[in-house]
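Reviewing the structure listed below.
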Amino acid sequence: CSASTGVAGGALPREQKGAPAYCKYWCQYPDQTCIKRTGSPRHRLTAASPTSGSGSGRCAGAGVVLMAEQEEEEVGDGFWEEEGEEEEVYSPEDLKPVAPDTGGDESLRATTAEPGDQDESAKVEGSNTAHLFVFTNDKAGMGKVDKSKVNKVVYEMSKDSAYFAHASSQDKKNDKRIHDLREKLQSLSLSRRSSLASEVSALEIKLEKQRFCRRVCVVVDMDCYYAAVEMRDNPHLRDKPMAVGGIGMISTANYKAREYGVRSAMPGFIALKLCPELIFVRSHFDKYKETSDRVLTVLRQYDPHCRMMSLDEAYLDLTEEVSRRQVEETSSKANLEGGAQMELEEMASRVVAELRAKVQEASGGLTCSAGLAPNFRLAKIASDVKKPNGQCIVPFHREAAIAFLHSMPVRKVGGIGKVMEKTLKEVFGVETVAELFEKRLELFHCLTPKSSHWLLRVALAIHHDDEAKAMAEWKTAVGDGEDAAEATSFQSV
DNA sequence: GCGGATCAC
DNA sequence: GATGGTGATCCGC
């Protein structure tokens, strides 16, 4: 899971969407196993300048708002833990606590309310800087960490550096964009709003037709992978705070280290300040690769086309495997009783639990976490929910998918990074996906059509290309009879 | 097509 | 003292 790669061994970016078919980096799988299955392009979103009419086409001025379109991984590591097999069927209550900014840190609770001008005023020395760092967003397994304390240390160690100066200057530019967007937002008239309302609702209906809920998408993510491999090979490291990487940058930290707030993508010298007894281990990519290959062998038994996104993360489509087992189960049970088919959720969970056990065996005891959902965007997010060594399933119907996603902070969505997170929060007051949906008219007013469309799909828990294709395949596989009628019933609102 | 920005790992 | 390296994509020019 986590692993930022820079440090030792030299620069090893993970494979991204839309990459060439042959991954020339760490995961050298010539047969394309290392690229993501759905190569949808990212796009970047721009705010229309207040002066230029938004409408179609170009808009001069203003800046970038976001990039998007992918079901990318949260860098979510979990902490190392050998026991505690967990399995989770998602239900709304369970996820409530996951919601946005529950953990302390009032400093981040910014100036959302008044859309006026507090441009330069907010120079309150260090109070508001956590968002400048990638590694300050919350991660699995760091619940007990005193975030404000960590943020303070990070700030103290950084404030005079060139890095910080650069980050601040970038942030300032973004503040300007935020300011422009706020102005744009204020220009939203009632009549404009009502025309947007009909436009957007028509779009929702169209998107809804792309929904397909019967695909079993699974994201498997190894728990703090590099650190886990190192601890497997050096068991005495297990009860000590340890990080893979160096003084410059940390790839992965074990759970002991995370108790101190140490995490991936954090510079080692800051980590050392947070945890003076931290042990640094240099990375051994050959071992990670070798173990990863063994894991891949297991995964291919379940989906021969499974894709490794990196050494520690894989995307599988288990639709066929689960369906096959359902049939098996039904026919064997039919001899005894009337044999109702086992629920899709139940069978999928069972298959994934089995898969994870095999992964653990094949990797010499490493644990992984998994997310199951009707599309990969959701599965990716779900894979982080029960980390470490657990799995989370989003039931295969529309309401569950939406409820699950709506409970999430927008930052959990692949493609929304720290810049977009701040923009959404400060311009629209949006922190969760539910709020994203509530503010869809405002978004359509202020952002480019492309941006708004993408965000609407996110808010509806639809992953378009992905699902449309899967649905088409499913329909043909199933034939055109009544089953096809059933297929359409799944997409109905 | 380039430069800048964002996101991902 | 000090904050990785790389690919992909998109926008504005």
Side-chain angles (χ1 to χ4, degrees), chain A residues 1-20 22-27 34-36 39-49 52 57-77 132-137 154-171 173-174 176-177 221-222 225-226 245-252 263-273 283 285 288 308-313 380 411 413-423 447-448 450-451 454:
Chain A
C1 40
S2 72
S4 67
T5 50
V7 201
L12 306 167
R14 290 198 186 179
E15 196 39 41
Q16 300 268 343
K17 220 169 217 189
Y22 179 80
C23 177
K24 49 185 185 295
Y25 305 105
W26 348 338
C27 24
C34 126
I35 43 175
K36 220 175 241 185
S40 33
R42 275 190 189 175
H43 62 261
R44 169 166 145 196
L45 309 179
T46 308
S49 132
S52 74
R58 308 262 151 185
C59 20
V64 185
V65 176
L66 79 77
M67 329 228 336
E69 191 63 7
Q70 61 204 136
E71 63 281 307
E72 208 44 76
E73 178 195 13
E74 260 304 293
V75 183
D77 306 86
L132 299 181
F133 304 93
V134 247
F135 49 81
T136 46
N137 64 346
V154 170
Y155 172 71
E156 284 301 320
M157 298 293 290
S158 301
K159 59 181 180 184
D160 298 321
S161 68
Y163 178 89
F164 189 83
H166 180 252
S168 298
S169 117
Q170 292 293 99
D171 191 47
K173 287 183 204 168
N174 191 40
K176 166 81 167 75
R177 292 192 282 264
D221 195 304
M222 303 298 293
Y225 186 55
Y226 297 173
I247 202 72
M249 186 62 61
I250 284 175
S251 292
T252 312
R263 35 160 308 176
S264 52
M266 178 180 275
F269 67 89
I270 292 181
L272 209 50
K273 186 79 171 183
S283 42
F285 288 108
Y288 312 148
M308 294 296 283
M309 273 303 296
S310 63
L311 292 181
D312 67 336
E313 181 184 345
K380 176 70 197 78
R411 186 68 167 83
V413 176
I416 297 182
K418 63 185 169 70
V419 174
M420 186 56 180
E421 178 187 35
K422 181 181 168 182
T423 304
L447 308 180
T448 57
K450 231 176 176 183
S451 325
W454 185 78

Rounded to the Å, how far apart are A:W454 CH2 and B:dT6 C1'?
12 Å

Output the rounded distance in Å from CG (A:L447) to C1' (B:dT6).
15 Å

Nearest to side-chain heavy atoms of A:K450, which nucleotide of B:dA5, C:dC11, C:dA2
C:dC11

Search all heavy atoms of A:R263 against all heavy atoms of A:V134 and return the closest pair with its distance.
NH2-O, 4.4 Å

Is the phosphate of B:dT6 approached by A:K418 (side-chain N or O, under 4.0 Å from OP1 or OP2)?
no

Mind calculating the distance between CD (A:E421) and P (B:dA5) to the nearest angstrom?
20 Å

Side-chain N or O of A:R177 closer than 4.0 Å to phosphate OP1/OP2 of B:dT6
yes

What residues form a side chain to side chain contact (heavy atoms under 4.5 Å, CB included) with A:E156, not counting sequence neighbours?
A:K159

Quick check against the 3.5 Å criterion: does A:Y226 have a side-chain atom that pairs as donor or acceptor with the backbone of A:Y288?
no

How many whole angstroms separate atom NZ of A:K159 from atom P of C:dG1?
13 Å

Quick check for you: among B:dT6, B:dA5, C:dA2, whose closest atom lies nearest to any side-chain atom of A:K173?
B:dA5

In whole angstroms, how far is the C1' atom of C:dG1 from the CD atom of A:E156?
16 Å

Between P on C:dG1 and CD1 on A:I270, what's the gap in Å once rounded to a whole number?
14 Å

Whole-Å distance between C:dC11 P and A:N174 CG?
17 Å

Find the distance A:M249:CE to C:dT6:P and express it as a whole number of Å.
14 Å

Going by the rule side chain to side chain contact (heavy atoms under 4.5 Å, CB included), which residues pair with A:L272 if we only count those two or more places apart in sequence or in a different chain?
A:I247, A:L278, A:F280

Nearest to the A:R411 side chain among B:dA5, C:dC11, B:dA8, which nucleotide is it?
B:dA8

